[in-house]
Amino acid sequence: MSILCCVPVLECVYCLGCTHWLWKKCLYSAGHESENWGLATSDEFEPIPRICRLILAVYEENLHDPMWAPPDGYGIDPNHVILKKDYDQTEGRVTPYMIYLDHENGDVVLAIRGLNLAKECDYAVLLDNKLGQTKFDGGYVHNGLLKAAMWVFEEEHVVLRELLEANPSYSLTFVGHSLGAGVVSLLVLFVIQNRVRLGNIERKRIRCFAIAPPRCMSLHLAVTYADVINSVVLQDDFLPRTTTALENVFKSIICLPCLLCLTCLKDTFTFEERKLKDARRLYAPGRLYHIVVRKPLRLGRYPPVVRTAVPVDGRFEQIVLSCNATADHAIIWIERESQRALDLMVEEDQVMQIPVEQKIVRQKSIVEDHDEEYRAAIMKAASLNIPMSPSPSYGTFHDTEEGESSAGSGMEGSPSGWSFKGMRRKWDQFIDCHFPVNDNSEHMIFKNQESQALLCGQET
């Protein structure tokens, strides 16, 4: 009898949980995740539409006679395509890709297309992963995508090295969409760890643009490589938000209500701190660019707004209940909306009539702002006690002096460099170095004139 009395209580708890979950999902629509992020500028967002068209070009069988070109074309010279491989040549290990020598923008580009719904080999790559299965560089990565990335590197690193040696001022850029975005994100990690095999290319010359990427690396790696990897997400895209094991998603097609029920309970009663402290949990990689084109409870599309940040928490943690969740994943829509957003940014710059000198200053300030945001993300990760294993210094900070490590100098393989204790020790070393205490008195003395001038300036 007592058990039967508890049934209504459990039903009420379940209904309240489902109601809270549904309200939370509706609240997270229309770009709620990025409402506190900064706005992207035309200078930093300029490559995105061009990169989307470059990825679309991989789908063409004959670039000299394209069948699905956008109205303004792909914007590439087919004669500068170094190589292009399809499924027969990749043996199903990775989706088709091509290497393009972009003389106009000074880039050596490797572009990988997205998943083909008709190819079982693509599903095999995407589903080849289990929670905490593969470790890489002190974090966790998607097993199947890492194997695909390593295969591409072994196949093409000689070609890439020769192109970089022939064009020493060019950047090395990796671009991909969907499944290809996950592959290039992990390929960049592997390239940075093996730069010697590419002629010791500088880290600042390596870039990656992941369009609608899957969750492929742990939070430690996602934040650490934010200076190299840039992820682009259109509004309600489902893939960067999919935390459930992908194999369970495909299996649950025959019982979708069961999946929604379990997801409801899991999301409702799982705290954000617990998610962050799970070192095996995978996230969307690098710096995030969120294109917002719709507003809640309104019909139609609005002028797109692009927001960017290197967030530690809130990296697209909630699946949005939206009829556009799958449409926003399409590379065609991402190309169109990113081009619209860029046109609006350029038009605004023209209205403001920004001088050339001021544009140069703004470009430098963007780099400095990104570096500061990158540092802040690492510091916030340390403050939240997010699991980070010992690793050498990372980052490309423009204000770092020659011979000085960045983002982790003085760590010497100790994890305390990422913790408050490590930061406290560095601060004590700074004080001892510049403001030693006199043994005969308890007052600080200045070690040099520069330190004295610094303090006098602060006092005034």
Side-chain angles (χ1 to χ4, degrees), residues 24-53 55 70 175 177 181 209-213 226 229-241 283-354 358-359 362-363 365-367 369-370 372-374 376-377:
K24 195 173 182 180
K25 293 300 182 184
C26 294
L27 180 66
Y28 267 81
S29 62
H32 175 80
E33 303 101 327
S34 60
E35 63 181 359
N36 295 322
W37 298 3
L39 295 177
T41 63
S42 58
D43 297 316
E44 60 180 309
F45 196 72
E46 181 273 332
I48 305 301
R50 169 167 48 87
I51 284 168
C52 291
R53 290 189 287 270
I55 296 173
V175 300
H177 168 252
F209 293 93
I211 312 298
I229 304 175
N230 304 278
S231 295
V232 181
V233 178
L234 176 59
Q235 186 92 16
D236 300 331
D237 188 357
F238 76 96
L239 191 59
R241 297 176 169 88
Y283 293 84
R287 169 175 287 275
L288 301 180
Y289 289 88
H290 193 202
I291 307 174
V292 181
V293 296
R294 289 180 298 273
K295 297 182 180 180
L297 304 177
R298 299 185 185 181
L299 300 177
R301 291 176 179 262
Y302 284 73
V305 176
V306 183
R307 302 166 183 160
T308 180
V310 186
V312 175
D313 51 345
R315 297 180 71 92
F316 300 120
E317 292 302 306
Q318 302 292 336
I319 298 178
V320 178
L321 293 178
S322 170
C323 58
N324 300 288
T326 55
D328 287 348
H329 185 69
I331 183 67
I332 296 177
W333 279 111
I334 298 175
E335 188 273 333
R336 292 178 183 176
E337 296 299 339
S338 62
Q339 185 62 57
R340 286 182 59 203
L342 180 62
D343 292 341
L344 290 174
M345 295 178 190
V346 173
E347 182 180 350
E348 184 179 353
D349 291 345
Q350 292 176 352
V351 171
M352 297 175 63
Q353 296 181 350
I354 303 176
Q358 189 173 350
K359 287 184 178 180
R362 187 176 71 169
Q363 291 176 356
S365 66
I366 290 173
V367 174
D369 291 343
H370 283 191
E372 292 179 1
E373 194 172 8
Y374 183 31

Among I211, I48, I55, whose side-chain contact (heavy atoms from CB on, under 4.5 Å) with I334 holds?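 Only match with I334 under side-chain contact (heavy atoms from CB on, under 4.5 Å): I211.
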Just by modelled atom types, is the P311 backbone N or O under 3.5 Å from a matching donor or acceptor in the R315 side chain?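 Judged by distance alone, yes, a pair lies under 3.5 Å.
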Taking Q235 for the side chain and V293 for the main chain, is one N or O donor matched with an acceptor at less than 3.5 Å?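 Checking the backbone N and O of V293 against the side chain of Q235, a donor-acceptor pair under 3.5 Å is found.
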Once ring pair (Phe, Tyr, Trp, His ring centres under 6.0 Å) is applied, do any residues pair with F45, and if so which ones, sequence neighbours excluded?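 Expected list: none.
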Ring pair (Phe, Tyr, Trp, His ring centres under 6.0 Å) against W37, all qualifying residues, sequence neighbours excluded: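 Listed in chain order: F316.
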With D328, which residues qualify under side-chain hydrogen bond (donor to acceptor under 3.5 Å, both in side chains), at least two apart?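 D328: side-chain hydrogen bond (donor to acceptor under 3.5 Å, both in side chains) contacts with R294.
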Mind checking what makes side-chain hydrogen bond (donor to acceptor under 3.5 Å, both in side chains) contact with T308, not counting sequence neighbours?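 Partners of T308 under the side-chain hydrogen bond (donor to acceptor under 3.5 Å, both in side chains) test: R287.
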Rounded at 0.5 Å granularity, tell me how far CD in E335 sits from CG in L234.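 Taking CD in E335 and CG in L234, the distance rounds to 11.5 Å.
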Can you check whether P240 reaches S231 side chain to side chain, under 4.5 Å on heavy atoms?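 Side-chain contact under 4.5 Å: no.
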Side-chain contact test, heavy atoms from C-beta onward, threshold under 4.5 Å: evaluate it for V292 versus S34 and give yes or no.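 A side-chain contact exists here, since the closest heavy-atom pair is under 4.5 Å.
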Just do the side-chain contact (heavy atoms from CB on, under 4.5 Å) check on V306 and H290 with the steps written out, would you? CA-CA 6 Å; V306 183; H290 193 202; over 6 Å; no
Listed partners of R336 passing salt bridge (charged side-chain N to carboxylate O under 4.0 Å, His left out), at least two apart: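 None.
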Qualifying residues under salt bridge (charged side-chain N to carboxylate O under 4.0 Å, His left out), relative to E337, sequence neighbours excluded: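 With neighbours one apart ignored, the set is R301, R340.
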